[in-house]
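What follows is one structure encoded as structure tokens, with my remarks underneath.
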Amino acid sequence: MATAIHRSGDAGVVCGAEPLLSATLRRAGIPVHRAVLRVGDPPAGAVPVRGWSATASHGGEPSVVFAAAVRCTRSGGSRAGEVVRSVVTRWAATTGPREVLLAEPRSFCAGVERAIEAVRRSLSTVDGPVFVRKQVVHNSHVVHELEALGAVFVEELDDVPEGATVVFSAHGVSPAVRAQAAEQHLDVIDATCPLVSKVHAEALRFTGRGDTVVFIGHAGHEETEGTMGHAPERMRLVGSVDDVANLDVPDPERVSYLSQTTLAVDETRDIVAALRHRFPALRGPKSDDICYATTNRQHALHAIAAEADLVLVLGSPNSSNSVRLVELSRRLGTPAHLIDDLGDIRPEWVADARRVGLTAGASAPPQLVTDVLSALRGLGPLQTTTHRVATETVTFAVPQKAQRR
Ligand code: 0CG
Ligand code: SF4
């Protein structure tokens with residue numbers, strides 16, 4: 001795939017959409033080599049190639065360019081050629097002017113910044129390996145980047161050697177995990193988000209006064225496991241309004257609720273209403289457990305979804321708050337897709353989408369948004385408008401133990 005095209009003597013044109021086409025080719029099983037394409041007389045002995053390109057001009061300048069060349073060999077070259085021709089044709093059909101409606105706030109929250117920084121600092125201050133229990137935040141790019149810096153990710157503390165340093169993820173852990181860490185004499189750096197720790201404290205307080213605590217959350221999510229692990233015998237999990245009818249509690253007069261921090265605001269409100277209907281004496285937290293970052297990202301999506309033909313949400317599939325954004329957009333009537341990065345974008349999604357809503361979950365790095373914007377710019381003139389619903393000023397100090405030594 002050409003990353004830029006140069007004709008002898010001209011300044012050349014950058015192929016901004018190249019990563020989109022390259023990813024589509026890789027998905028089709030075609031190995032991709034990226035290079036600047038120099039157009040002119042081939043040097044003597046050059047390997048013959050077949051090429052396909054698309055160019056469209058807006059305002060006299062070629063604003064959309066991409067080109068691919070396939071090496072002509074007796075074996076395989078023609079199948080690759082067919083795939084490349086089809087991929088170039090499909091992406092060529094998506095070119096044209098577009099507007100991106102950029103939701104703000106989006107991307108990293110204070111808890112994620114703190115957790116990533118806790119691992120980074122530990123890597124530079126700790127002698128010996130730094131283990132991280134579970135994905136420190138639910139994003140593949142963040143995990144790979146920290147792995148490349150030397151962090152060792154493990155699923156359970158059983159995989160951490162006695163006395164080593166371990167970072168707990170932003171999603172928090174149960175007291176049982178803390179006890180195991182103590183037994184193994186581990187040096188713990190706790191990157192649990194303070195807003196998750198607040199829910200842990202509420203779980204202890206509410207169960208301590210004799211209540212059964214209904215926890216609204218998703219089964220199997222680390223935050224659910226960590227929070228419910230604080231009083232497993234006195235807590236019940238519900239994930240939907242339907243679950244409320246099946247609840248079995250010892251005393252309906254003594255019921256409280258708590259929730260995961262990254263749920264959908266509207267769905268959680270419905271579940272709380274159903275709980276209150278069933279348990280009129282229901283008590284809850286003073287302030288919402290759904291955190292400011294989750295709430296803001298959902299409000300910002302509200303501001304753009306109705307205007308957009310398509311919404312793209314940057315985030316990994318195991319990121320609860322990111323998946324909630326996709327579901328919310330669909331509930332609001334706008335098709336939406338979760339993308340780990342720009343390589344997941346399909347030509348058929350964007351072909352007829354002239355107004356694209358773009359946002360990112362709280363664990364998705366901001367650079368991914370920049371990458372998507374520059375790739376979309378490679379498909380034609382791009383106007384970007386930002387829709388800000390809140391300004392986030394929250395910051396959390398990095399755990400002291402990550403800074404010491
Ligand atoms: O949204 P969840 O709880 O899955 O977490 P993620 O790591 O994606 O982002 C915020 C945190 C922690
Ligand atoms: Fe903390 Fe909310 Fe970010 Fe989770 S999404 S890490 S609770 S600020």
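As the structure lists them, so they are numbered: ligands from 1, and atoms in each ligand from 1.
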Review point. Can you name the nearest heavy-atom pair linking Val83 to Ala28, along with the distance?
Key: CG1-CB, 3.8 Å
Check your understanding: Among pairs that include at least one residue of residues 296-323, which meet ring-ring contact (aromatic ring centres under 6.0 Å, His included), considering only residues two or more places apart or in two chains?
Key -> none
Exercise for review: Below 4.0 angstrom from a heavy atom of Tyr292, which ligand 2 atoms are there? Numbered from 1 as shown, please.
Suggested key: 8 (S)
Review point. How would you list, by chain and number, the residues with a heavy atom under 4.0 angstrom from ligand 1?
Key: Val112, Val137, His138, Ala170, His171, His221, Thr262, Asn318, Ser319, Ser320, Asn321, Ser363
Exercise for review: Verify the distance criterion only: is there a donor paired with an acceptor across the side chains of Ser316 and Asp340 at less than 3.5 Å?
Suggested key: yes
Check your understanding: Would Thr3 and Glu18 count as having a side-chain donor-acceptor pair, cut-off 3.5 Å?
Key -> no
**Study point:** Spacing of CG belonging to Asn321 relative to CG belonging to Leu328, to within rounding of 0.5 Å
**Key:** 12.0 Å
Check your understanding: For residues Thr261 and Glu223, is any side-chain donor paired with an opposing acceptor at under 3.5 Å?
Key -> yes
Practice item. Looking only at non-hydrogen atoms, find the nearest pair between Gly96 and Arg354 and report the distance. Key: C-NH1, 3.6 Å
**Study point:** Contact summary for Ala17 and Phe66, nearest pair of heavy atoms
**Key:** CB-CD2, 4.1 Å
Check your understanding: Looking only at heavy atoms, which two atoms of Thr192 and Val173 are closest? And how far apart?
Key -> OG1-N, 4.3 Å
Point to revise | Contacts of type ring pair (Phe, Tyr, Trp, His ring centres under 6.0 Å), residue His221, not counting sequence neighbours | key: His138, His171
Exercise for review: For atom 1 (Fe) of ligand 2, report each protein N, O or S atom nearer than 2.8 Å, sorted by chain and then by residue number.
Suggested key: Cys193 SG
